[in-house]
Protein chains: 2
Amino acid sequence: MDDVSKAIIEQLQQDGRRSYAAIGKVVGLSEAAVRQRVQRLIESGVMQVVAVTDPLELGFARQAMVGIRVSGPLEPVADRLAELDEVDYVVITAGSFDLLVEVVCETDEHLLELISGSIRTVEGVVATETFMYLSLRKQTYSWGVR
Amino acid sequence: MDDVSKAIIEQLQQDGRRSYAAIGKVVGLSEAAVRQRVQRLIESGVMQVVAVTDPLELGFARQAMVGIRVSGPLEPVADRLAELDEVDYVVITAGSFDLLVEVVCETDEHLLELISGSIRTVEGVVATETFMYLSLRKQTYSWGVR
DNA sequence: AGTGAAACGACCGTAGA
DNA sequence: TCTACGGTCGTTTCACT
C-alpha cells in the first residue's frame, strides 16, 4: 500500500467507473499498471467497487440500528443475525451492547416482525434496543481523505 | 424504478465495473439503453458506483459507534459532527440516543482525541457512549436481495 | 512492477422510431 | 425510452525491460 495505490483508491471513491487510462493520467502510471493494481487491491480484499443504493428511493422506508445484549458466546449469535436478509450490518462491540445490527425494512409491520419474530427469537439474545432512523445526515465511503 | 432497473442495480452491486454491454445481455437491453439508465440512476441519487475499502487494511485499526445525547435542536449538532473527517456516518435517531455516529481512527490516542476533543466539545452534545468495534461480521451493500 | 504497441471491445453521441 | 450505427477511446494481450 503505497501512495500511488492510495491515489488510485481515491479516484475510484469519487467514481467507481472511471477508466484506468484516466486514473493513470492523474496518478502518473500507464493504463496497464493501474489495471493490475486495481485487480490486486480487489483480490486482496483491500477494496471493492460496487453500487450502493438509497433505501428510501427503493421503497425501504424504515431503517434502524438495533443494540443487542447477548448471553454466552457472541460469534454464533452475530452470525445467525447476519444470515437475515433485512440485516445489512453486524458488528460485535465492547460496551453496553454486545452487538450492533443495522436493519432495512419496507414498513413498520415488516420491521416489527423482523425484530420481534426473527432477531429476538435467536438463541442467546436477551435484550434489544431499537434506534429508528429519522434522518441520515452523512454516509461516506471515503473516510480518512481530504 | 421498474424490474429492469433493479436488475441493472443488482449487476452493479456484484461488480461496479461490469460493462454496459455485459449488463445489457443479462437484462435484455442494448448497451446504450443500459448506459442511459445507469446515468439516470446515478444523477437522480438512487445509486452510486464507488470503491469501498477495508479500514483495517489501510491502517485504521480503531472503529467505533458513538451514541450521543443532545440538548436542543439535533440537525445543527449532526451537521457539525458530519464535518469531521474521522466521522463516516451520522444518523439522527429516535430512542435513548439522539444521534449515532460511526468513527474511523488509526490509534487509540487518535480516537480519544476525536471523542474527547472534537465530538464532546460540540455545542449541544451532553453525553456520549462509545461502542468499540471488536469484529465486523457483516457489511452488505445489496440488502433486500436474494 | 513497469512500459509500449496492435487487435479487440467498450463507450459515446446522434439519428430515428 | 428504446435501437442502430460510426467514431473515438479504453482494454487486453504480449513481448520487452
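In what follows, chains are A, B, ... by sequence order, proteins preceding strands, each numbered from 1.
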Please write out the pairs of protein N or O atoms and N or O atoms of nucleotides 3-5 of chain D separated by less than 3.5 Å, giving the distance to one decimal.
unit_1	atom_1	unit_2	atom_2	d
dT3(D)	OP2	Ser30(B)	N	3.0
dT3(D)	OP2	Ser30(B)	OG	2.6

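- Per the geometry, CZ belonging to Arg37(B) stands 18 Å off P belonging to dC12(C), to the nearest Å.
- Tested against Tyr89(B) for a side chain to side chain donor-acceptor pair (under 3.5 Å), the candidates Lys138(A), Glu102(A), Gln139(A) yield a single pass: Glu102(A).
- Comparing atom distances between the Ala21(B) side chain and each of dG2(C), dT11(D), dA10(C) picks out dA10(C) as nearest.
- If you measure from atom CD of Gln39(B) to atom P of dT14(C), you get 13 Å, rounded to the nearest angstrom.
- Distances shown here put a side-chain N or O of Arg17(B) below 4.0 Å from the OP1 or OP2 atom of dT11(D).
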Enumerate, atom names and distances included, each donor-acceptor pair closer than 3.5 Å involving a side-chain atom of residues 33-52 of chain A, sequence neighbours excluded.
unit_1	atom_1	unit_2	atom_2	d
Arg35(A)	NE	Glu31(A)	OE2	2.9
Arg35(A)	NH2	Glu31(A)	OE1	3.4
Arg37(A)	NH1	Asp2(A)	OD1	2.9
Arg37(A)	NH1	Asp2(A)	OD2	3.3
Arg37(A)	NH1	Ser5(A)	OG	2.8
Arg37(A)	NH2	Asp2(A)	OD2	3.2
Ser44(A)	OG	Arg40(A)	O	2.8
Ser44(A)	OG	Leu41(A)	O	3.3

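- The nearest whole Å value for the distance from the CD1 atom in Ile23(A) to the C1' atom in dG2(C) is 17 Å.
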Identify all side-chain donor-acceptor contacts of residues 115-124 of chain B below 3.5 Å with residues at least two apart in sequence or on another chain.
unit_1	atom_1	unit_2	atom_2	d
Arg120(B)	NH1	Thr128(B)	OG1	2.6
Thr121(B)	OG1	Gly117(B)	O	2.8
Thr121(B)	OG1	Ser118(B)	O	2.9

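- Per the geometry, CZ belonging to Arg18(B) stands 17 Å off C1' belonging to dT11(D), to the nearest Å.
- Ring planes of Phe97(A) and Phe131(B): parallel class, angle under 30° (limits at 30 and 60°).
- Within the nucleic acid shown, Arg40(A) comes within 4.0 Å of sugar-phosphate atoms alone, with no base atom in reach, counting heavy atoms only.
- Taking all atoms of both residues into account, the shortest heavy-atom contact from Glu106(B) to His110(B) is N-ND1, 3.2 Å.
- We find that NZ of Lys25(A) is positioned 16 Å from C1' of dT3(C), with the value rounded to whole Å.
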(message) Determine whether Thr140(B) and Gln13(B) satisfy the following criterion, side-chain contact (heavy atoms from CB on, under 4.5 Å), listing intermediate values before the conclusion.
(response) CA-CA 10 Å; Thr140(B) 182; Gln13(B) 281 172 336; over 6 Å; no

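- A straight line from OH of Tyr20(A) to C1' of dT13(D) spans 15 Å, rounded to a whole angstrom.
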